[in-house]
Amino acid sequence: MFHWVMKAVTIFFAVLYVFALGLYGIVRMDLFSQEQADLSMVILEPLGKPWTDWFTQQLDVFGAPFINLIILVLITRLAHRRRRG
């Protein structure tokens, strides 16, 4: 059960992360207004917590959520292995 919950959370997080990155990329190509860029930053900033607060010099708003995604994938894989044996 825990594995399925973690899998759903990981997939939701990844979809939200890719959506925010795509939205920011589209706005940077000047297809939409600047308000849409603010929306993508509003989505990306909480996804990167706590890394954006701790490592302000090393990580930007775009890289910090990727660390959380890697952590979620690792937890999901560990939960799957735990279920097997």
- Say whether L74 and F2 are linked into one hydrophobic cluster, either directly or through other cluster members, by side-chain heavy-atom distances under 4.5 angstrom. yes

- Query: With hydrophobic residues grouped by side-chain heavy-atom distances under 4.5 Å, do M6 and F12 end up in a single group?
  - Reply: yes

- Item | Minimum heavy-atom distance between F13 and P65, given as atom pair plus value | CE2-O, 3.4 Å

- For F62, what residues pass the side chain to side chain contact (heavy atoms under 4.5 Å, CB included) criterion, not counting sequence neighbours? L21, Y24, M41, L44, D60

- Message: Consider side-chain contact (heavy atoms from CB on, under 4.5 Å). Of V73, L69, I67, which one does I71 pass it with?
- Response: I67

- I43 to L16 - nearest heavy-atom pair and separation: CG2-CG, 3.9 Å

- Message: Quick check on the hydrophobic clustering: are V15 and L23 connected, directly or via other members, by side-chain heavy-atom contacts under 4.5 Å?
- Response: no

- Message: According to side chain to side chain contact (heavy atoms under 4.5 Å, CB included), who are the partners of K7, at least two apart in sequence or on a separate chain?
- Response: H3, W4, I11, T76

